[in-house]
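What follows is a short report on a single structure.
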Number of protein chains: 2
Amino acid sequence: MSISPKLKLYEAFAAIGRALGNAHRLDILEHLAQGERGVEALAAKLGLTTANTSQHLQHLKQAGLVESRRQGKFILYRLSDDSVQRLLAALFEVGERNLAEVDKVLRDYFQARDAMEPVSPDELIARSRQGLVTVLDVRPRDEFEAEHLPGAVNIPLSELEERLSELNPEKEVVAYCRGPYCVLSFEAVARLRDHGLRARRLSDGLPEWRLGGLPVESGAE
Amino acid sequence: MSISPKLKLYEAFAAIGRALGNAHRLDILEHLAQGERGVEALAAKLGLTTANTSQHLQHLKQAGLVESRRQGKFILYRLSDDSVQRLLAALFEVGERNLAEVDKVLRDYFQARDAMEPVSPDELIARSRQGLVTVLDVRPRDEFEAEHLPGAVNIPLSELEERLSELNPEKEVVAYCRGPYCVLSFEAVARLRDHGLRARRLSDGLPEWRLGGLPVESGAE
DNA sequence: ATTACATTCCAATAATCGCTTGAATGATAT
DNA sequence: ATATCATTCAAGCGATTATTGGAATGTAAT
C-alpha cells in the first residue's frame, strides 16, 4: 500500500520549502531575481566558495526554483519563473508580519524605515516625468549594465562621495538597489542626506519593478 | 564585526522556509487553514502521535506561521495570518509550475484534472442562486460543523453510498473539501458519476473560499 | 591532442532534524 | 488536596544538511 497522493505532493512542496530554508540560498535567489548569473560570479558576490555555491544552486534547481543554460564556458542560472518571485514576496510578508526578530532587525538597522518615506513606483514615474528627480542606481557597475531602471544614473555606493558632483542638487534623488532588504540604497540615502541632498529610497528594488510589468533598460549609460 | 543585517533577515526568513520543509507540517497547515484545532484532534486526523504533532506545532509557532491560545483544557492552534495562506498558495503554484514530480502526481492520481472541469467560486454562486446545484461538503462531520459553505449539505465521503438518496438527481452536485489537494472531493465526484449523477468539483476548498472574502456558515445543518 | 578553465562530483566533518519513548507541567474537576 | 487529562519537555537514535578541499567532468581555445 502506497503513501497517500496528497502526502506525495506535500513532500514535493516541502522540498521547495527546504530549498528556501537557508539564508545563503535566499541571497542567491535575490541576486538571480535581477537576471542571469554564472556560478563564479555569484560566489564572488555572496562571499562563498564556488563549490558551495554550486551545491546550493543544484539544490535550488532540484526544487524547481532555478533553471540553467550553458553559454560558452559558463553555466548561467536564472529564476525558473515569476512565481518564484511571488513566493519570495509571500515569504517576506509572513516574516515581516509575524516574526518579532524580523521586526527588530528592520527597526534597529534599517532604522526609521518609515522616516525614509520610500517612494512608490507610481510616484517615481510621475515625478520623473516632471523632471523633478534623479533616479540613482547604487549597485555595482556590472549589475547596472545588465539591467536598470529607464534613465537611471549609476553610482555604486563605494564611489558615492567622490562623485557627488554628478548629482544635480536641485533635484531630489531616488535611490534603489536589489530589493527591499538590500542595504545599499538605505546607506546611500543616509549619506546623501548627510551631504545636504534631498534623497529617498524607492520602495522596492529592480526585480520588483520588473515583476510589476514596468520597463527596464540594459547596457551602459 | 557582526553578520550583515540582510543575512540576519534572510536567516529569519529561512527559518520560515525550514518550517515549510516537512510534508506533515504542510498537512497541519492545511488543516489549520480551516480553523482552530487542538493538538490531539490534529494528531488524530494526521495519523501522528500527539508528542510528534506538538513538536511540529512548536516548530511552526517559532516560525511565526501559527499562534495558539488556551481554552479550558485544550490549547487551540490557528494560522497567524492570511499571509500564511497566501504563502502556501504561492508555494503550491511554484510546485505545480516547475516540478515534474508534482505534475506527474496530479496527472496520475488526480487524473484528468481538466476533465473534472472544476467549478469556480463565481460560477458556483451564480448557479447556486438559480437553484441548479447541490453544494456538497464531503469532509468529516466535525469539520463541517466548525465551518462550511452557505447552504452546503454534509455527507462525509465514508457515508456517500448509503446516503445517495439524499441528493436530488435533477441537480448537479458540486463537491468540495479542504483544499486543492484534498482527495475527498476528487473521490466523491468519481463515485457520484459512477452512480449516474452529474457532479463536479469546486476549484478550491473551504479555506480558499474564505480567503477570497466569501461568506461561510458554522454549526450543524 | 593538449591545455585551460568553469563547474560538478565525492568524501568527510560537524550540526541539525524527525521521530519515539517516558517523564514533567499545568489547568481543570472531584 | 488529589486525580485527571492535554500538552510539552528531555533524552536518544538514525538520517539529513552545510561546508570544505580535492578529484573528476566537460567545454573551449591553442
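Below, chain A is the first sequence line, B the second, and so on; all start at residue 1.
For A:Tyr77, counting side-chain heavy atoms from C-beta on, the closest listed nucleotide (C:dT8, D:dA6, D:dT8) is C:dT8. Candidate nucleotides D:dT7, C:dG18, C:dT8 were compared by shortest atom distance to the side chain of B:His59, and C:dG18 ranks first.
Counting only distance, with no hydrogens or angles, the side chain of B:Tyr176 and the backbone of B:Leu149 share a donor-acceptor pair below 3.5 Å. Under the 3.5 Å distance criterion, the side-chain polar atoms of A:Asn22 are matched with a main-chain donor or acceptor of A:Arg25.
When each of A:Arg70 and B:Gln58 is assigned the nucleotide of DNA chain D with its nearest heavy atom, B:Gln58 is the one assigned upstream, toward the 5' end.
A sub-4.0 Å separation between OP1 or OP2 of D:dT8 and a side-chain N or O of B:Ser54 is present. A sub-4.0 Å separation between OP1 or OP2 of C:dC17 and a side-chain N or O of B:His56 is absent.
A salt bridge between A:Glu161 and A:Arg191 is present, with a side-chain N of the basic residue lying under 4.0 Å from a carboxylate O of the acidic one. Between B:Glu147 and B:Arg139 there is no salt bridge, since no side-chain nitrogen of the basic residue lies less than 4.0 Å from a carboxylate oxygen of the acidic one.
The CD atom of B:Gln62 sits 14 Å away from the C1' atom of C:dT16 (whole-angstrom rounding). Atom P of nucleotide D:dA28 and atom CD of A:Gln71 are separated by 11 Å, given to the nearest angstrom. Look at CG on B:Leu57: it is 13 Å from P on C:dG18, rounded to the nearest Å. Between A:Phe74 atom CZ and D:dG26 atom C1' the separation is 15 Å, expressed in whole Å. Put simply, CZ on A:Arg69 is 15 Å from C1' on D:dT27, counting in whole angstrom units. One interatomic measurement links the two molecules: CD1 of B:Ile75 to C1' of C:dT25, which rounds to 10 Å at whole-angstrom precision.
In this structure, the side-chain contact (heavy atoms from CB on, under 4.5 Å) partners of B:Ala90, at least two apart in sequence or on a different chain, are A:Leu87, A:Ala90. Partners of A:Gln55 according to the side-chain contact (heavy atoms from CB on, under 4.5 Å) rule, which considers only residues two or more places apart in sequence or in another chain, do not exist here. In this structure, the side-chain contact (heavy atoms from CB on, under 4.5 Å) partners of B:Glu40, at least two apart in sequence or on a different chain, are B:Thr50.
Overall, the helix from C:dA1-D:dT30 to C:dT30-D:dA1 carries an axis bend of 30° between its ends, with five pairs at each end and the value rounded to 10°.
Taking the six-membered ring where tryptophan is involved, the planes of A:Phe13 and B:Phe92 are tilted, since the angle between them lies from 30° to 60°.
In this model, a donor atom of one side chain and an acceptor atom of the other lie less than 3.5 Å apart for B:Glu30 and A:Tyr10. At a cut-off of 3.5 Å, with distance as the only test, no side-chain donor of A:Arg210 or A:Gln34 sits close to an acceptor on the other residue.
Within residues 18-42 of chain B, the residues that place at least one heavy atom under 4.0 Å from DNA chain C are, in residue-number order, B:Asn22, B:His24, B:Arg25.
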Just the table, please: protein N/O against nucleotides 20-24 of chain C N/O, every pair under 3.5 Å.
unit_1: C:dT20; atom_1: OP2; unit_2: B:Asn52; atom_2: ND2; d: 3.4
unit_1: C:dT20; atom_1: O4; unit_2: B:Gln55; atom_2: NE2; d: 3.1

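Remark: B:Arg201 is positioned above the aromatic ring of B:Phe186, its terminal NZ or CZ atom under 6.0 angstrom from the ring centre and at most 45 degrees off the axis.
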